[in-house]
There are 2 protein chains.
Amino acid sequence: MQPINLSACLRQFSEHWSPRIIASLNDQEVKLAKFQGAFDWHAHDDEDELFLVVHGEFTMEFRDRSVVLREGELIVVPRGVEHRPVAEQECHVLLFEPAGIVNTGNAIESDKTNPATWLEGLAPPSAPS
Amino acid sequence: MQPINLSACLRQFSEHWSPRIIASLNDQEVKLAKFQGAFDWHAHDDEDELFLVVHGEFTMEFRDRSVVLREGELIVVPRGVEHRPVAEQECHVLLFEPAGIVNTGNAIESDKTNPATWLEGLAPPSAPS
């Protein structure tokens, strides 16, 4: 039960599209990710996903429209909805989603498929929740 | 699927210890709350709770120690752990926790017991998740 400082966590890694888990609770995970460029189109069949912009901005593209998300703004992408985050410049994002979700969803595995790993120095709760 | 701006949401209410739901996903809810003063000691038997400071700072008191949380810092309070948030000055906090949780936990109902309600203008998803 230590405070987790988002900026300090973000300084610990630089890879894009490579989410780091920073907390878990109620079978959900909190992750930080750095976006830059265009991600893959994908959907998650069974999981809703929340994106909260910590620094910068990005565009969440849907098949029929796009939504720009700026610092201090969040969006929930419901399960089953195809989406593609695109960031012209590096953008730092906090994600809330069920544990075990794969970042590229039900898309064919790609070079952007990255299993989320715990940020170094943080650890999952010792007892299963 | 509209962006939800935390600052704009926070301008919509002023009551302390009266959480507003701003999003829901995967049977969890995202809430905003304004803390000022000392809350009640309580625990949640079956729910872990996440607190992320959006503006200001507060102290999370536990029975054996205290943790100061500043802007951009989060903490997870595991189920069953007694805690009491205390804010000397008004502090704005984002909470992430299971839907239906009661803010005063398993404590005797008090004047601080407030069922979370959806922030005006926002609404739960039309279909059950």
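Atoms considered below: every heavy atom in the structure, side chains included; atoms not considered: hydrogens, waters and symmetry mates. Chain letters run A, B, ... following the sequence lines, proteins first, then strands; residues in each count from 1.
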**Q** Which region of A:R65, side chain (C-beta onward) or backbone (N, CA, C, O), has a non-hydrogen atom less than 4.5 Å from a non-hydrogen atom of chain B, or is it both or neither?
**A**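 For A:R65, the side chain is the part near chain B, not the backbone.
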**Q** Counting only N and O atoms by type, is there a donor-acceptor contact under 3.5 Å from the side chain of B:D48 to the main-chain atoms of A:N26?
**A**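 Judged by distance alone, yes, a pair lies under 3.5 Å.
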**Q** Hey, can you pull the donor-acceptor pairs under 3.5 Å for the side chains in residues 53-61 of chain A, sequence neighbours left out?
**A**
| residue | atom | partner | partner atom | Å |
| --- | --- | --- | --- | --- |
| A:H55 | ND1 | A:H92 | ND1 | 3.3 |
| A:E61 | OE1 | A:R84 | NE | 3.1 |
| A:E61 | OE1 | A:R84 | NH2 | 3.0 |

**Q** What part of A:F51 gets within 4.5 angstrom of chain B, counting heavy atoms only: side chain, backbone, both, or neither?
**A**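 Looking at A:F51, nothing touches chain B.
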**Q** For the candidates B:D46, B:L94, B:N5, which exhibits the highest count of non-hydrogen atom pairs separated by less than 4.5 Å from chain A?
**A**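 Answer, by heavy-atom pair count under 4.5 Å with chain A: B:N5.
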**Q** Cluster question for you: counting only ILVMFWY and a side-chain heavy-atom cut-off of under 4.5 Å, with indirect links fine, are B:L25 and B:L32 together?
**A**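 Yes, because B:L25 and B:L32 connect within a single hydrophobic cluster, where side-chain heavy atoms sit under 4.5 Å apart.
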**Q** How close do B:V76 and A:S24 get, heavy atom to heavy atom, and via which atoms?
**A**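 In terms of heavy atoms, the two residues are closest at CG1-O, 4.1 Å.
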**Q** Should A:F62 and A:L95 be counted in the same cluster of Ile, Leu, Val, Met, Phe, Trp and Tyr side chains packed under 4.5 Å apart?
**A**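 As far as the 4.5 Å side-chain criterion goes, A:L95 and A:F62 are connected within one cluster.
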**Q** Are A:I4 and B:L52 side-chain neighbours, meaning at least one heavy-atom pair lies under 4.5 Å?
**A**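 Side chain of A:I4 against side chain of B:L52, heavy atoms only: no contact under 4.5 Å found.
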**Q** Would you say the side chain of B:V81 lies within less than 4.5 Å of the side chain of A:M1, judging by non-hydrogen atoms?
**A**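 Of all side-chain heavy-atom pairs linking B:V81 with A:M1, at least one is under 4.5 Å.
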**Q** Please state whether the side chain, the backbone, both or neither of A:V67 comes within less than 4.5 Å of a heavy atom of chain B.
**A**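 Just its side chain gets close to chain B.
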**Q** Quick one: what part of A:Q2 sits under 4.5 Å from any heavy atom of chain B, side chain, backbone, both or neither?
**A**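 Contact with chain B is through both the backbone and side chain of A:Q2.
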**Q** Counting C-beta onward and ignoring hydrogens, is there a side-chain heavy-atom pair between B:F96 and A:L50 closer than 4.5 Å?
**A**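 They are not in side-chain contact.
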**Q** How would you list, in number order, the residues of residues 7-23 of chain A that have a heavy atom less than 4.5 Å from chain B?
**A**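 From residues 7-23 of chain A, the residues near chain B are A:I22, A:A23.
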**Q** Given the options A:V30, A:V77, A:L74, A:L6, which has more heavy-atom pairs under 4.5 Å with chain B than any of the others?
**A**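 Greatest number of close heavy-atom pairs with chain B: A:L74.
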**Q** Surrounding CD of B:E88 (heavy atoms of other residues, nucleotides or ligands, distance under 6.0 Å), is the total greater than 12?
**A**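 At most 12 heavy atoms, drawn from other residues, nucleotides or ligands, come within 6.0 Å of this atom.
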